[in-house]
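Along the sequence shown, the residues carry numbers beginning at 1.
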Amino acid sequence: MTHPGPIDSGTCTPVHSSVRTFRYTDTDSTNEQALQSVTEGAAHDGDVHVALHQTKGRGRQGRPWVSAAGQGLYLSYVHIPKPPSPRPEAVTVAAGLAVLDAVREAGAAGAQLKWPNDLVCDGAKLAGVLVESRGLRPEAPHFVVGVGLNVLQREFPEELEAGRQVTSLVRLGVETSCRRMEELVLDRLPRRLAQARRDPLALFEEFLVTANLRGTEVELVTGEGAWVGTCAGIGSEFEVELALEKGPARRFPLAHVQSLTVLP
Ligand code: BTN
């Protein structure tokens, strides 16, 4: 499929001098468009793909991302880092923190991160991040950072609300627009991605504190089982340290952690 040219690049705060914004009225998925441009060799670091409406917006674990026209921010950011490349988990955490920075700046003071990439407010999902790569080559790594943020929705489809609690900025009483949220996210994201390269451990630590995980009793789930203990921090080899109720502390590589939740 031929890639559409940039339609409008005038309103984003250009953090990179070469920022290009590809705007779609309708598309399947901005992550898909961004990944295609990478595959075609047409992508630049810092390219932004943003849609008013997605027909096949996707979330983690093969779930759809409901993308009502003009109601949310549906954005994908192409990150082609210079070496040394950040760890994929650091890119996800950096993106989550960038969206958190943006929504707090907009006025959603109660927003919080939930492992690994959910943004929630009082338990209801406000935003999600999906980081994808296609044919990642160690010599030329790339990441497509997809951000879905609920902005103006007062209602959600029944089936979505039946599955889990969801919210939007307008439901939280924050008056803003999708374009304003785009500007805020694009202002924060490159800085957080730079931090992911420069000091990933500090980023993970900030994540643990921001998500109220550090020093808290948590349940940690990997493909091998579930453990309950106190989250003691992030080890130098990028593992979550858990002080178990019985026995010695255990370390779990970040890449193996499927969920990390605060126990009620
Ligand atoms: C999740 O929480 O499951 C992640 C949701 C990510 C949704 C965004 S919307 C823009 C970008 N394009 C997609 O198809 N998905 C991401």
Side-chain angles (χ1 to χ4, degrees), residues 29-31 51-76 89 92-132 145-178 180-182 184-185 188 206-214 216-222 226-228 231 240 257-264:
S29 149
T30 54
N31 264 30
L52 278 178
H53 176 234
Q54 299 184 116
T55 51
K56 288 189 184 154
R58 56 186 185 234
R60 286 180 67 233
Q61 297 168 338
R63 283 192 287 259
W65 185 260
V66 177
S67 309
Q71 303 289 292
L73 175 65
Y74 317 118
L75 174 150
S76 301
E89 311 92 283
T92 298
V93 167
L97 282 166
V99 182
L100 181 70
D101 295 340
V103 302
R104 285 192 173 166
E105 171 77 26
Q112 272 201 325
L113 281 168
K114 187 162 175 280
W115 180 273
N117 64 355
D118 275 3
L119 221 73
V120 294
C121 206
D122 293 330
K125 182 148 172 166
L126 176 63
V129 169
L130 177 67
V131 178
E132 296 184 291
V145 179
V147 174
L149 168 63
N150 299 329
V151 181
L152 299 172
Q153 297 93 332
R154 290 190 187 276
E155 307 289 332
F156 289 92
E158 252 173 51
E159 59 279 15
L160 190 68
E161 298 235 43
R164 73 163 296 178
Q165 275 186 283
V166 279
T167 193
S168 66
L169 288 172
V170 78
R171 275 195 179 183
L172 296 171
V174 175
E175 288 205 14
T176 187
S177 65
C178 296
R180 173 71 185 137
M181 292 316 300
E182 176 188 323
L184 287 174
V185 168
R188 303 306 189 271
E206 186 175 343
F207 175 86
L208 289 187
V209 172
T210 314
N212 282 338
L213 290 164
R214 204 179 209 299
T216 308
E217 198 177 32
V218 295
E219 183 190 56
L220 183 150
V221 179
T222 71
W227 287 264
V228 170
C231 180
V240 179
V257 178
Q258 291 172 352
S259 78
L260 190 58
T261 39
V262 176
L263 287 178

Inset, instruction - Look up atom OG1 in Thr261 and atom CG in Asn212, then write down how far apart they are to the nearest 0.5 Å. - result: 13.0 Å
Legend entry - Inter-residue atom distance Leu160.CG - Trp65.CH2, 0.5 Å rounding: 8.0 Å
Legend entry - Distance (rounded to the nearest 0.5 Å) between Leu97 CG and Arg104 CZ: 9.0 Å
Legend entry - Heavy-atom pair of closest approach, residues Val262 and Ala211: CG2-O, 4.1 Å
Inset, instruction - State, to 0.1 Å, how close Cys121 and Thr167 come at their nearest heavy-atom pair, and which atoms those are. - result: CB-CG2, 4.4 Å
Legend entry - Over 12 non-hydrogen atoms of neighbours within 6.0 angstrom of CD in Gln258: yes
Inset, instruction - Using side chain to side chain donor-acceptor pair (under 3.5 Å) as the criterion, list what pairs up with Ser67, not counting sequence neighbours. - result: Gln54
Legend entry - For the student: nearest non-hydrogen atoms of Val93 and Phe207, plus distance: CG1-CB, 3.7 Å
Inset, instruction - Mind checking the CZ-CG spacing from Arg164 to Asp118? Nearest 0.5 Å is all I need. - result: 5.0 Å
Inset, instruction - Kindly give the heavy-atom pair with the smallest separation between Gln153 and Tyr74, and that separation in Å. - result: NE2-OH, 4.0 Å
Legend entry - Point-to-point distance, once rounded to the nearest 0.5 Å, from CG of Leu113 to CG of Leu208: 10.5 Å
Legend entry - Sidechain-backbone polar pair: Arg154 side chain, Val170 backbone, donor-acceptor under 3.5 Å: no
Legend entry - Side chain proximity check, Cys231 to Thr216, heavy atoms < 4.5 angstrom: no
Legend entry - CA sep, side-chain torsions, deciding dist, call: Trp115, Val218, side-chain contact (heavy atoms from CB on, under 4.5 Å): CA-CA 11 Å; Trp115 180 273; Val218 295; over 6 Å; no
Inset, instruction - Using modelled atom types only, decide if a donor and an acceptor are shared between the side chain of Asn31 and the backbone of Leu130 within a distance under 3.5 Å. - result: yes
Legend entry - Smallest separation among heavy atoms of Val174 and Ala106, with atom names: CG1-O, 3.2 Å
Legend entry - Check against side-chain contact (heavy atoms from CB on, under 4.5 Å), Leu169 and Leu149: CA-CA 9 Å; Leu169 288 172; Leu149 168 63; 4.3 Å; yes
Legend entry - Pairing residues for Glu161 by the salt bridge (charged side-chain N to carboxylate O under 4.0 Å, His left out) criterion, not counting sequence neighbours: Arg171
Legend entry - salt bridge (charged side-chain N to carboxylate O under 4.0 Å, His left out) against Arg60, all qualifying residues, sequence neighbours excluded: none
Legend entry - Least distance between heavy atoms, Leu75 atom then Thr30 atom: C-OG1, 3.8 Å
Inset, instruction - Please round to the nearest 0.5 Å and tell me the distance separating atom NZ of Lys114 and atom CG of Leu213. - result: 10.0 Å
